[in-house]
Every structure is written in C-alpha cells, then in structure tokens.
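Sequential numbering from 1 along the given sequence is applied to the chain's residues.
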Amino acid sequence: MDFWDTVKPKYRDIIKKYLIDKDEKILYQGQKLSRKLIEHRIAPEEIVSLHKAIMMEGDHSAEQLLDSFDVLLEVMIAYGLAYREHQILRTKQMALKNEIEVAASMQQTLLRTSIPQIQGAEIGAISVPARQMNGDYFHFVIDDAQNVGIAIADVIGKGIPAALSMSMIKYAMDSLPEDQLRPGTILKILNRVVERNVDPSMFITMCFGVYDQREHTFCYSSAGHEPGFFYHAESKEFKELEGRGLLLGIDKNTEYREYLKDLAPGDMVILLSDGVTECRTDEGFIEREDLTGLIRKYIDLPAQEIVVSVYKELERLQEFELRDDFTLIILKRFIK
C-alpha cells in the first residue's frame, strides 16, 4: 500500500475529530503524523494540498474551515521543528562520517607495510576491512640476519578504538630491536605493552612467525589467535598449525611457546583472521575444509594470486558484503 493511501485517512480522521471535540490531545496526533511525513519525504506543499482536498470533500462552515487551520498549523509547526532536528542530525552525521574517513585514511597510512621479496619463497597478503576502520592488522619486518618476521593480529572490538590499538601495536613492533627476531620474546614484549596501555575490556589476538631464508624454517608463537594451516606439498595435505597462548593484555607475565616448521619445496604456511573462517553464507558459516578446498583450487598460482582469488570467492559467497574484517597471508616455498 502506498504511503499516501495510509496518511490520507489518518489526517482526515484527525481533522474530523478536532472539528467535533476541539480537543488539544487530537492536535498531538497531528504532531506525531508530521514526523512520519518527514520520514517519507512528503513536502510541506503536499500537506497543504492534502488539507485543502479533505476540506473540499464536504460542506463545511466558515468557522469549521478556520478551526481546521489549527490542525494544519500544528502539523506544519511540528513538521518544521522535526525537519530542523533532522537537518541538525544529518549535519552531525556527515561531520562524523568525514572524521571517520579521515581516521580510516590515517590508519591505512600508519599501518602501511610492504610485502618483502625473499629468497626461495614468496609471500601473498590481503586485508580488507568489513567497515571503514580495520580491526585486523598484518606487518612484515626483517632482522639483521635477513630473517622475515610475519605478524597478524585481530582486536576483539571494532571501530576507532580497535584502529588505535592496532597503531600502537605497529609502532611497538617498529621500536623492537632488529638484531634477532624471536616470536616468543616479541609476543611477551607486546603483551606487556597491551596490558599497560589498552582498556581492560579490549583484547588482542596475535600470531608472530619468523621465516629463516637460509634454513627454510618457520618459527612462530600464538597469542590466542585463529589457528592457521600448514600445507605439506609431498602428501598434498592441510594440517592446522598447532599453537596456544593467552591473548595479549590479560596477564603481563605470560610466556609464549615457540613452534617450528620445516618448509620443503611447495610447502605453505597459511595465516588468517577469524573473518576468513567465519565467513557466513545463507547456509551458515563455511567449514575450514571449504577454505582449504578453495586454497587447493588455486594452489598452483603465485601466493599473491592465491590470496586474492580466495578472497574473491568468499566475497561472492557472502553476496559482496563482508561481515568481519578479512586478512589472509600465505608463505609459499618455491618448487625447485
């Protein structure tokens, strides 16, 4: 039913009741109706035309015509006040939107990182926020021995507070010594930074790993982060990366265990955020087997093409509407 088909009888009923009872409570119904008119973008001149049409439907005395203007006046006054409120809120909303856009742009600049070119292997990475601000974070660092550090983190929380927390983590990492990257030590230091500086209601999950270009090993530690996968090329099997650890920011004295993986030619390390494994379709959440199936589908492509292809497939399954931040990183050793 068209909105006009609903509003006409309501407005007619308000006028009819007021002309009979002259009760100011009836005028209040006109005030409420005016808000609906604004919601449906009904122009003031249309309201006047409606009032005129209703008053011309029957024989009304001059006194009744004058009295009916009380209803019209009440509706128009309420309309004007509501419209002014609407414009003020819209202006504030636009200002907030602009501030968020600026903050999102600053976040992209502050968290910018470049994918390193390494010997004997390649890295692919993609991170897409569900909204303007990204609650995921990934970063690459190289120590003096040319070992490559790979960090991926996720804030339990969204919006600007999450973005600020990620900026803090990034700059804490940039200030760490580069003589040697030890995953357990890195997470221990960052855990103390988070515990001292982040609101107790917010927590950060993180995985930090180091790829040794000479030994072709991947040493990593986890702080409650979503478990990734290890692909063994010889057996063509995916296995979950083991690794447990307390989230960052809970206990400043937490120690983080280190795990080691040897990478043979064709082997891959897959790191991700929960926005990847918790992709939701009309049929529910995707299974981890579905994700590994997608990676297997594109496994012969370069690492960067794999992560982009997997993202596009999952984006399509969600009808191009991400429900959570999406971050996927693949470290792939070259096949000789």
When you look at S68 and H51, which way does the side-chain hydrogen bond (donor to acceptor under 3.5 Å, both in side chains) test go after all the steps? CA-CA 9 Å; S68 73; H51 184 91; 3.1 Å; yes

How far apart are the C-alpha atoms of D136 and S273, what are their side-chain angles, what is the distance that settles it, and do they pass the side-chain hydrogen bond (donor to acceptor under 3.5 Å, both in side chains) test? CA-CA 7 Å; D136 286 356; S273 66; 2.8 Å; yes

Pairs involving residues 258-271, ordered by first then second residue, that meet side-chain hydrogen bond (donor to acceptor under 3.5 Å, both in side chains) (sequence neighbours left out): R182-E258

Do I88 and R84 pass the side-chain contact (heavy atoms from CB on, under 4.5 Å) test, and can you show the C-alpha distance, the side-chain angles, and the key distance before you say yes or no? CA-CA 6 Å; I88 291 172; R84 186 169 64 181; 4.2 Å; yes

Report the C-alpha separation of V71 and L27 in whole Å, then their side-chain angles, then the decisive distance to 0.1 Å, and conclude whether the side-chain contact (heavy atoms from CB on, under 4.5 Å) test is met. CA-CA 6 Å; V71 176; L27 296 179; 3.9 Å; yes

Minimum heavy-atom separation for G184 to S221, with atom names? N-OG, 3.3 Å

Search all heavy atoms of D59 against all heavy atoms of Q64 and return the closest pair with its distance. O-OE1, 4.2 Å

Going through the distances and angles, do D67 and Y18 end up as a side-chain hydrogen bond (donor to acceptor under 3.5 Å, both in side chains)? CA-CA 8 Å; D67 289 340; Y18 183 72; 5.9 Å; no

If I take atom CD1 from residue I306 and atom CG from residue L294, how far apart are they, to the nearest 0.5 angstrom? 11.5 Å

After noting the C-alpha distance and the side-chain angles of F238 and Y231, does the key distance pass the ring pair (Phe, Tyr, Trp, His ring centres under 6.0 Å) rule? CA-CA 5 Å; F238 286 91; Y231 174 73; 4.8 Å; yes

Determine the minimum heavy-atom distance between F208 and A151, stating which atoms define it. CD1-CB, 3.6 Å

dist I330:CD1 -> I150:CD1 (nearest 0.5 Å) comes out at 11.0 Å

Scan residues 236-256 for pairs that pass salt bridge (charged side-chain N to carboxylate O under 4.0 Å, His left out), counting only residues two or more places apart or in two chains. K188-E255, E240-R288

If we only count heavy atoms from C-beta on, is the Y256 to T254 side-chain gap below 4.5 Å? yes

Using the side-chain hydrogen bond (donor to acceptor under 3.5 Å, both in side chains) rule, collect all pairs that involve residues 298-307, keeping only residues at least two apart or in two chains. Y298-E313

Pair T277-E226, side-chain hydrogen bond (donor to acceptor under 3.5 Å, both in side chains): steps then yes or no: CA-CA 9 Å; T277 55; E226 179 80 17; 2.8 Å; yes

Can you confirm whether E45 is buried at CD, in the sense that more than 12 heavy atoms of other residues, nucleotides or ligands lie under 6.0 Å from that atom? yes

Any side-chain heavy-atom pair of V128 and D325 under 4.5 Å: no

Between D23 (side chain) and I26 (backbone), is there a donor-acceptor pair under 3.5 Å? no

Looking at L314, V310, V308, which hits side chain to side chain contact (heavy atoms under 4.5 Å, CB included) with K312? V308

Heavy-atom closest pair, residues H216 and Y211: ND1-OH, 2.6 Å

Suppose we screen for salt bridge (charged side-chain N to carboxylate O under 4.0 Å, His left out). Which residues come up paired with E122, at least two apart in sequence or across chains? none

Side chains of I250 and E195: does their closest heavy-atom pair fall under 4.5 Å? no

Do other residues, nucleotides or ligands put more than 12 heavy atoms under 6.0 Å from the CD atom of Q87? yes

Would you name the heavy atoms of V75 and S34 that are closest together and state the gap between them? O-CB, 3.6 Å

Can any side-chain N or O of T205 pair as donor or acceptor with the backbone N or O of A153 at less than 3.5 Å? no

If the condition is side-chain hydrogen bond (donor to acceptor under 3.5 Å, both in side chains), which residues does Y311 pass it with, not counting sequence neighbours? E315

E57, CD atom: more than 12 neighbouring heavy atoms under 6.0 Å: yes

Are the side chains of M76 and I47 in contact, using a 4.5 Å heavy-atom criterion? yes

With sequence neighbours excluded, residues passing ring-ring contact (aromatic ring centres under 6.0 Å, His included) with F230: none

Could you walk me through whether Q213 and N147 pass the side-chain contact (heavy atoms from CB on, under 4.5 Å) test, one step at a time? CA-CA 6 Å; Q213 299 189 65; N147 297 314; 5.7 Å; no

Does any N or O in the side chain of R333 come within less than 3.5 Å of the main-chain N or O of A121, such that one atom is a donor and the other an acceptor? no

Main-chain N/O of I169 paired to H139 side chain as donor or acceptor, under 3.5 Å: no

How close do A223 and L187 get, counting heavy atoms only, and between which atoms? N-CD1, 3.9 Å

Among K17, K16, K10, salt bridge (Lys or Arg N to Asp or Glu O under 4.0 Å) partner for D13: K17

Roughly how far apart are F140 CZ and L331 CG, rounded to 0.5 Å? 9.0 Å

From CA spacing to verdict: side-chain contact (heavy atoms from CB on, under 4.5 Å), L247, I204: CA-CA 6 Å; L247 284 69; I204 299 174; over 6 Å; no

